[in-house]
Amino acid sequence: MKIILSTYLFFIFVSSVSVNAQEIAILKYQGGGDWYANPTALPNLIKYCNNNIDTALNNKPETVEVGSSSIYQYPFLHMTGHGNVVFSDEELENLRNYLLSGGFLHIDDNYGMKPYISREIKRLFPDTALEELGADHPIFSNAYSFPKGLPKIHEHDGQRPQAFAIFHKNRIVLLFTSESDLGDGWEDPTVHNDTAEVREKALQMGANIITYVFKN
């Protein structure tokens, strides 16, 4: 039954990509972390991409729960927050099947999320370690050039920004960005009072991620 269901959901996923074009959703999770952080971030990124890299993303991102079959309707899931993250065994299985069937999850640490999400990623892919992406990876140059890799948007602990990935069949299925806080840079200018230059860097890197997802 699980094999049949997974196959069925895979075809739902493929159909949604080809028929409905490009969709993005925010991943809602349990554990107490604020999955709803940065409410203006994705709408601003969508607008930027539609205006600058010829995407046709729906203006309003949807919200989906980890354990829902609805995640298969969205080739791109975005996840953020500051605190604890907990996936049930059923949610892990659903998310794993989604990612291995062609889905993509971007996890952007909004500061304080790393120890919790690192634990859950290890549960999600116990036999596959996160790999740090080098600055030469195409995700840093496919639309806009970032010769030093992931840009630093907010200081937080003052550590260098890092992009980690889980690969499946040479494709990134999970991207975890840490010590960068891209989502804060995507938000309305009045939220964090970032300069235009800082926001542009964040939006350009977001556009690179979007480009990677819809071309791979």
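When side chains are defined from C-beta on, Asn59 does not count as touching Lys47, because their heavy atoms never get closer than 4.5 Å. Leu203 places none of its side-chain heavy atoms less than 4.5 Å from the side chain of Leu182. Glu131 has its side chain out of reach of Phe164: every pair of non-hydrogen atoms, C-beta onward, lies at least 4.5 Å apart. Looking only at side-chain heavy atoms (C-beta outward), Lys28 and Tyr36 stay at 4.5 Å or farther from each other. In this structure, Pro161 and Pro151 have side chains that are not in contact, with every pair of non-hydrogen atoms separated by 4.5 Å or more. Side-chain contact check for Val85 versus Met79: some heavy-atom pair is nearer than 4.5 Å. The shortest distance between side-chain heavy atoms of Asn97 and Tyr72 falls below 4.5 Å. Between Phe167 and Val173 the shortest side-chain heavy-atom distance does not fall below 4.5 Å.
Grouping the Ile, Leu, Val, Met, Phe, Trp and Tyr side chains by contacts below 4.5 angstrom, directly or via other members, places Val64 with Leu57. At a threshold of 4.5 Å between side-chain heavy atoms, the hydrophobic network of Ile, Leu, Val, Met, Phe, Trp and Tyr places Phe125 and Val86 in two separate groups. Val191 and Val198 fall into different hydrophobic clusters, defined by Ile, Leu, Val, Met, Phe, Trp and Tyr side-chain heavy atoms under 4.5 Å apart, directly or through other members. A chain of hydrophobic side-chain contacts below 4.5 Å, direct or via other Ile, Leu, Val, Met, Phe, Trp or Tyr residues, connects Ile210 to Phe146. Tyr111 and Leu27 are not part of a single hydrophobic cluster, where members link through side-chain heavy atoms under 4.5 Å apart.
Taking the six-membered ring where the residue is Trp, His137 and Phe140 present perpendicular rings, their angle passing 60° and hence far from 30°. The aromatic rings of Tyr48 and Tyr144 sit tilted, their planes meeting at an angle between 30° and 60°.
Under the 3.5 Å distance criterion, the side-chain polar atoms of Thr55 are matched with a main-chain donor or acceptor of Cys49. Remark: the backbone N or O of Gly31 is paired with a side-chain donor or acceptor of Asn84 at under 3.5 angstrom. Within the 3.5 Å criterion, the main-chain N or O of Thr80 finds a donor-acceptor partner in the side chain of Tyr29. Using a distance-only test at 3.5 Å, with no hydrogens or angles considered, a donor-acceptor pair links the side chain of Glu91 to the main chain of Ser88. Counting only distance, with no hydrogens or angles, the side chain of Asn94 and the backbone of Ser68 share a donor-acceptor pair below 3.5 Å. Of the possible polar contacts, none joining the Ser145 side chain to the Ser141 backbone as a donor-acceptor pair under 3.5 Å is found. Side chain of Thr211 to main chain of Ala207: a donor-acceptor pair is present (N/O by atom type, distance under 3.5 Å, no hydrogens or angles).
Just one residue in the list Ile166, Leu133, Val213 forms a side chain to side chain contact (heavy atoms under 4.5 Å, CB included) with Ile172, and that residue is Leu133. None of His154, Arg199, Lys201 except one satisfies the side chain to side chain donor-acceptor pair (under 3.5 Å) rule with Asp194; the exception is His154.
A centroid separation of 6.0 Å or more is found between the aromatic rings of His192 and Trp186.
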Tell me, with the steps shown, if Asp89 and Arg123 meet salt bridge (charged side-chain N to carboxylate O under 4.0 Å, His left out). CA-CA 9 Å; Asp89 290 342; Arg123 292 179 62 216; 3.0 Å; yes
Stepwise side-chain contact (heavy atoms from CB on, under 4.5 Å) check, Ile107 with Leu175: CA-CA 6 Å; Ile107 306 169; Leu175 176 68; over 6 Å; no
Just do the side-chain contact (heavy atoms from CB on, under 4.5 Å) check on Lys215 and Asn142 with the steps written out, would you? CA-CA 10 Å; Lys215 286 188 175 180; Asn142 56 23; over 6 Å; no
Show your reasoning for whether side-chain contact (heavy atoms from CB on, under 4.5 Å) applies to Asn58 and Ile46. CA-CA 8 Å; Asn58 285 347; Ile46 288 170; over 6 Å; no
Between Val66 and Leu92, does the side-chain contact (heavy atoms from CB on, under 4.5 Å) criterion hold? Intermediate values first, please. CA-CA 8 Å; Val66 184; Leu92 284 170; over 6 Å; no
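Across Tyr74 and Glu23, no two heavy atoms sit closer than the pair CD2-CB, 3.5 Å. Nearest approach of Gly149 to Ala135, heavy atoms of both residues: N-CB, 3.6 Å. Scanning both residues, Leu99 and Arg171, for their nearest heavy atoms gives O-NH2, 3.0 Å. In plain terms, the two heavy atoms of Ile153 and Ser180 that are nearest each other are CB-O, 3.0 Å.
A salt bridge between Glu132 and Arg160 is present, with a side-chain N of the basic residue lying under 4.0 Å from a carboxylate O of the acidic one.
Side chain to side chain, Gln162 and Ser178 fail the donor-acceptor criterion of an N or O pair below 3.5 Å. A donor atom on one side chain and an acceptor atom on the other are not found under 3.5 Å apart for His82 and Asp109. Thr177 and Asp108 share a side-chain donor-acceptor pair at under 3.5 Å. Donor-acceptor pairing under 3.5 Å is lacking for the side chains of Tyr98 and Glu93.
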